[in-house]
Amino acid sequence: MKFWALLVLAASVAAIPFEGGILHKRAGGRAHVGYRIVSKEEADAINANGGKAVQSRGTMGRQLGTGTYISPAFHDFPEYDTSKGLPWDCAVTVDAAAWAGLKKAWVPKMFEFPEDKEKNPDQCRPLPLWTPRWVANRKRFLKYLDATSTPENTVLFSVVLGHEEKRQALIPPAIINSVDVYLAQCAEREAGSVSNAQIGELGPVDWG
């Protein structure tokens, strides 16, 4: 599966208002790699960080490990808990060259390791790779794909557990710390919000 198909943003696209101000104007060479839904608390933290991503403050989404989960589609998850306030939608952009240079891997739900089958063909079975419980299997799978790949240096892709018709990507904390990942274009998802609608005009991202 290909993950290098990127939509490079034009420098002329104007920034979207955030809390009445302008966070950051998109520059040429920045790649639009997805969307992220955040709380107002995280949106405020992103604003304070100059439009750059901060470590995830969410308590959900641990299917592939901890980190910043993104979606290829705008409003991919339209439902939300109204008791927690309106969610904020953000466009996620990264320097195109930096994104192209990151390791990436598609993580299936289960995987049968060839060496296991070779050693014990009668009892070998596919091993689960999703959720925190199976982190060791996931690490082993990444090493199988590339001896230098780890959960810390690889962007992981998969379908969403419980919503298998949807896809997601996980940017691990170490990459958030080392690469400028921008969520500068954010807007609250309130009815009739022009700023929120503008974010969606970027369209879906093709992860390949």
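Atoms considered below: every heavy atom in the structure, side chains included; atoms not considered: hydrogens, waters and symmetry mates.
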**Q.** R36 side, atom CZ; I171 side, atom CD1 - distance, nearest 0.5 Å
**A.** 9.0 Å
Q: Might you point out which heavy atoms bring R62 and Y69 nearest each other, and give the distance in Å?
A: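 Smallest interatomic distance, heavy atoms only, reads C-OH, 3.4 Å.
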Q) Where do N137 and L129 come nearest, in terms of heavy atoms and distance? A)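 Taking every non-hydrogen atom into account, O-CD2, 3.6 Å.
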Q) Taking the hydrophobic residues Ile, Leu, Val, Met, Phe, Trp and Tyr, and joining any pair whose side-chain heavy atoms are under 4.5 Å apart, which ones share a cluster with V160? A) I37, F77
**Q.** salt bridge (Lys or Arg N to Asp or Glu O under 4.0 Å) evaluation trace for E164 with K109
**A.** CA-CA 10 Å; E164 281 71 15; K109 184 176 183 178; 5.5 Å; no
(Q) Could you walk me through whether T150 and E152 satisfy the side chain to side chain donor-acceptor pair (under 3.5 Å) test, starting with their C-alpha distance in whole Å, then the side-chain angles of each, then the deciding distance to 0.1 Å, before giving a yes or no? (A) CA-CA 5 Å; T150 69; E152 292 74 33; 3.3 Å; yes
Is atom [atom1] of [X] surrounded by more than 12 heavy atoms (other residues, nucleotides or ligands) closer than 6.0 Å?
| X | atom1 | answer |
| --- | --- | --- |
| E112 | CD | yes |
| E118 | CD | no |
| K166 | NZ | yes |

Could you check if a side-chain atom of [X] sits within less than 4.5 angstrom of a side-chain atom of [Y], using non-hydrogen atoms only?
| X | Y | result |
| --- | --- | --- |
| P151 | L142 | yes |
| T154 | D146 | no |
| T68 | V181 | no |

(Q) Is there a side chain to side chain contact (heavy atoms under 4.5 Å, CB included) between L64 and Q168? Walk through the geometry before answering. (A) CA-CA 10 Å; L64 301 176; Q168 64 184 351; 4.2 Å; yes
Q: Could you tell me how the ring of Y144 sits relative to the ring of F111: parallel (under 30°), tilted (30 to 60°) or perpendicular (over 60°)?
A: tilted
Q: Could you please spell out the steps behind the side chain to side chain contact (heavy atoms under 4.5 Å, CB included) verdict for R189 and H75?
A: CA-CA 9 Å; R189 193 187 297 180; H75 286 190; 3.4 Å; yes
(Q) Does the Lys NZ or Arg CZ of K104 fall within the cation-pi geometry relative to W99 - under 6.0 Å from the ring centre and within 45° of the axis? (A) yes
